[in-house]
Every structure is written in structure tokens, then in C-alpha cells.
Amino acid sequence: MNYAITIDIGGTNTRVALVNEDYVIEKRVQFSTVSDNPHATIEKIRSVIEEFGVKAKGIGLSCPGPLDLLHGYILTTPNLGREWYNYPICEKLSEATNLPVYLENDANLACLAEACVGRGRDHNYVSFLTISTGVGAGLVINKQIYQGAHGFAHEIAHIPLWKDGPSHGSIYPGGVEAISSGTAITSRAQKAGLEVAHAGEVNDLALAGNEVAAQIIDDAKEYLANAIAIIYAFIDPEIVILGGSVALKIPGFVEDVQMRVKSKVFATIAPLVNVVKTNLNEDSGLLGGACLVFLK
């Protein structure tokens with residue numbers, strides 16, 4: 001049996017898992033990321049891998065970015081301390097574990113999992129979008145992640161869709177993440193005076209007849225559909241898979257977005273539009289890390 005180690009370094013927690021060649025997670029450990037000390041985090045990872053007691057083929061790694069995927073560096077990250085900036089994470093982790101390390105962003109790994117073991121496994125052109133805290137995306141062609149010339153392909157959060165549109169953190173005003181992400185939906189509602197804690201509550205108010213909430217939810221769907229229609233125009237995917245809390249927890253969200261996308265593409269393309277929910281759980285990134293290793 002072949003094994004892969006897959007690691008997700010998050011701003012709060014780090015997950016380390018042992019995955020077999022059948023894409024079954026046999027072991028997993030979670031611990032708090034040392035946000036101001038990458039060396040300490042790597043030492044914890046090394047210790048966990050040692051405890052697994054299995055010789056793995058390699059390590060699939062995701063961590064907060066932006067990332068230099070071509071050279072294995074964390075460039076900057078708002079979720080971790082400055083000690084992580086310009087950090088050669090692949091080199092350091094490989095030195096600590098004596099294993100090859102393959103770095104990807106979380107959306108790319110989730111997309112790879114979809115293409116290998118999820119709803120895209122029977123397709124060659126698979127696009128994935130996560131609509132959650134932010135809006136991220138990935139593209140897999142023939143089971144290979146498409147990174148682009150500099151490793152930044154499918155970084156769609158900033159896509160400018162709405163002139164003088166909503167602002168949200170460091171996202172370009174009117175960018176898709178500033179309109180369609182769960183945090184943006186909630187923030188827009190709160191700024192409008194609605195007492196809500198998350199996007200689901202905004203949707204509940206919309207269903208109850210609140211016009212402000214209804215407009216915010218409609219904007220989220222409409223501009224996300226615009227972004228996906230652009231993806232269809234440029235990439236012509238066989239399937240677009242949506243994950244993340246907004247897509248999965250708001251009833252009818254994905255179905256409504258698909259209908260809107262169909263209305264925004266050429267008539268000959270509309271019957272080919274296939275926007276669906278993921279059938280993988282929160283482990284999709286970990287499974288994608290294993291796919292990355294086994295496909296090398």
C-alpha cells in the first residue's frame with residue numbers, strides 16, 4: 001500500500017493526515033498553528049509524521065497565501081505573522097522530513113480532489129469554486145492543476161464585476177469576493193442595519209420578505225453567475241463544482257446560480273452549463289493533497 005502525507009496549514013489550526021492510495025484518510029492530527037514561528041510549526045509536523053510510522057511517497061501541502069507555487073514560497077499571508085512572509089516552506093519542510101513536498105493553494109487542491117475522487121472524476125475539464133469566508137477557485141485539466149505562467153491562475157477574488165461596488169477588506173471594490181462571499185454578504189447586511197451573524201441569516205430575512213436582505217442575496221448570486229459565465233467563455237469547462245458554506249448551506253443557491261449562468265452564455269453553450277454542489281466534505285483539501293502526491 002502506498003501512502004501520502006497531506007497537510008493543511010491554516011491561520012488557526014494545522015491538519016496533518018495519512019492517506020492511502022485508495023484515498024482513505026487512515027490517520028489525522030490537528031494542532032494549533034504557531035502563527036509567529038514557522039520553524040516551530042514545521043517541528044510539530046515532523047513529529048506527527050514520525051508518529052504515523054509509515055514511509056510515505058511525499059507530502060501534499062496547502063497553506064495561506066499568496067503563494068509562489070513555482071518556487072515553494074509563502075509570499076505574504078494576512079492569516080499568519082510576518083515571520084512566515086517570503087518563507088521557503090517546501091525547502092524547510094522537506095529538510096525536516098526527508099520527503100518531497102508539493103505546494104498548492106487550498107482551492108486548487110480541492111479542485112484536484114473533485115477531479116480525482118469527487119463529482120468531476122469522469123470529466124477532463126473541471127472548475128471548482130469555494131464560496132465561503134472568501135471566494136477561491138481552481139482549474140484541473142486532465143487531472144493536472146492549471147497554475148498559469150506565474151502560479152496565480154484562477155485567483156478570482158479580485159475579479160472586478162461592479163463599478164464602484166461594495167468594498168470588503170483588501171478586496172478590490174466590486175470584486176466578486178466583496179459581493180458573493182459569506183463574510184461580504186454578512187458585512188453588507190450589517191452595514192445596512194440588519195442584525196445578522198452569518199450569510200444564512202441574511203438569506204432567512206430575504207425569504208421572510210426583507211427587501212434589503214433579498215437584494216444582497218440577489219447580488220451575491222447574480223455577480224457570482226457573471227463570474228462563472230466568464231469562466232465558461234474563457235475555459236469551456238465540462239463541470240463547475242461549488243463548495244463552501246454559502247453554496248452548501250443556503251437552500252437553492254447553487255441551482256439558482258446555474259439558471260442565471262445559463263442565461264448569460266451563448267445559446268449553444270447553455271445546455272452544456274453544469275454547475276453542481278460538491279459531494280466531498282471539508283476533507284477535500286486533504287484528499288487533494290494526496291492526489292497531488294500520487295499523480296507525481
Side-chain angles (χ1 to χ4, degrees), residues 105-132 134-148 153-162 165 174-182 184-185 199 203 206-207 214-281 284 288 291:
N105 69 51
D106 53 358
N108 280 350
L109 287 182
C111 188
L112 186 59
E114 295 289 352
C116 291
V117 297
R119 299 194 70 174
R121 62 186 178 276
D122 296 323
H123 301 288
N124 293 320
Y125 295 84
V126 179
S127 181
F128 171 81
L129 287 82
T130 178
I131 319 299
S132 188
V135 174
L139 172 65
V140 170
I141 301 173
N142 296 324
K143 312 304 182 191
Q144 296 293 317
I145 294 170
Y146 177 75
Q147 293 183 334
H154 251 55
E155 291 285 359
I156 69 168
H158 274 289
I159 287 180
L161 298 174
W162 181 346
V176 65
E177 186 171 302
I179 308 166
S180 301
S181 68
I185 291 170
N203 189 66
L207 293 176
Q215 185 61 60
I216 292 169
I217 293 295
D218 186 76
D219 289 341
K221 295 175 180 178
E222 183 70 7
Y223 286 95
L224 178 61
N226 288 348
I228 295 174
I230 292 169
I231 289 172
Y232 267 96
F234 276 90
I235 297 171
D236 186 25
E238 293 171 90
I239 188 169
V240 175
I241 302 168
L242 301 187
S245 58
V246 173
L248 298 179
K249 294 182 180 180
I250 293 181
F253 186 91
V254 174
E255 294 79 6
D256 195 354
V257 168
Q258 173 172 252
M259 180 183 67
R260 294 174 190 236
V261 174
K262 285 178 177 287
S263 72
K264 298 174 185 292
V265 298
F266 282 121
T268 52
I269 298 174
L272 304 176
V273 170
N274 186 19
V275 181
V276 301
K277 291 181 185 178
T278 179
N279 63 353
L280 300 179
N281 57 25
S284 60
C291 297

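Note that the coordinates shown come from a computational prediction; the quantities given were computed from them, not determined experimentally.
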Under the rule for side chain to side chain contact (heavy atoms under 4.5 Å, CB included), what residues qualify as partners of A199, not counting sequence neighbours? I185, T186, V246, I250
Quick one: side chains of residues 108-119, donor-acceptor pairs under 3.5 Å with protein atoms, not counting sequence neighbours, listed by atom name and distance.
unit_1: N108; atom_1: ND2; unit_2: E104; atom_2: OE1; d: 2.7
unit_1: E114; atom_1: OE1; unit_2: R119; atom_2: N; d: 3.4
unit_1: E114; atom_1: OE2; unit_2: T278; atom_2: OG1; d: 2.3
unit_1: R119; atom_1: NH1; unit_2: K277; atom_2: O; d: 3.0

Mind checking whether L272 and V265 have side chains closer than 4.5 Å, heavy atoms only? no
Looking at CD1 of I159 and CG of L224, how far apart are the two atoms once the value is rounded to the nearest 0.5 Å? 10.0 Å
Residues H154 and A137: closest non-hydrogen pair is CD2-CB, 3.3 Å
Could you walk me through whether E238 and N124 pass the side chain to side chain contact (heavy atoms under 4.5 Å, CB included) test, one step at a time? CA-CA 7 Å; E238 293 171 90; N124 293 320; 3.5 Å; yes
Near K249 NZ, under 6.0 Å, is it more than 12 heavy atoms from other residues, nucleotides or ligands? no
Side chain proximity check, D218 to Q215, heavy atoms < 4.5 angstrom: yes
Just wondering, do I230 and I156 contact through their side chains at under 4.5 Å, heavy atoms? no
Any side-chain heavy atom of I231 within less than 4.5 Å of one from L129? yes
Looking only at non-hydrogen atoms, find the nearest pair between A178 and G174 and report the distance. CB-N, 4.4 Å
Value for CD1 (I241) from CG (L280), rounded to nearest 0.5 Å, stands at 8.0 Å
Got a second to check how far S180's OG is from I216's CD1, nearest 0.5 Å? 12.0 Å
Closest approach of G244 and S132, non-hydrogen atoms and distance? CA-CB, 3.9 Å
Does I131 reach the side chain of V257, with side-chain heavy atoms less than 4.5 Å apart? no
Please find the pair of heavy atoms, one from A227 and one from L161, that lie closest to each other, and give the distance. CB-CD1, 4.2 Å
First locate atom CD of Q144, then atom CD1 of I141, and finally report the distance between them rounded to the nearest 0.5 Å. 10.0 Å
In terms of side-chain geometry, is the basic nitrogen of E222 or K264 positioned less than 4.0 Å from the acidic oxygen of its partner? yes
Of all heavy-atom pairs linking A107 and G136, the shortest is CB-C, 4.0 Å
Atom pair OH/NZ of Y232 and K262 - distance to nearest 0.5 Å: 8.0 Å
Does Q258 reach the main-chain N or O of V276 with its side chain, forming a donor-acceptor pair under 3.5 Å? no
d(Y125 OH, I239 CD1) to nearest 0.5 Å is 15.5 Å
State, with a plain yes or no, whether a side-chain heavy atom of N203 is found less than 4.5 Å away from one of F253. no
Sub-3.5 Å donor-acceptor pair from the side chain of E177 to the main-chain atoms of V135, do we have one? yes
For D219 against I179, the heavy-atom pair lying closest together: O-CG2, 3.6 Å
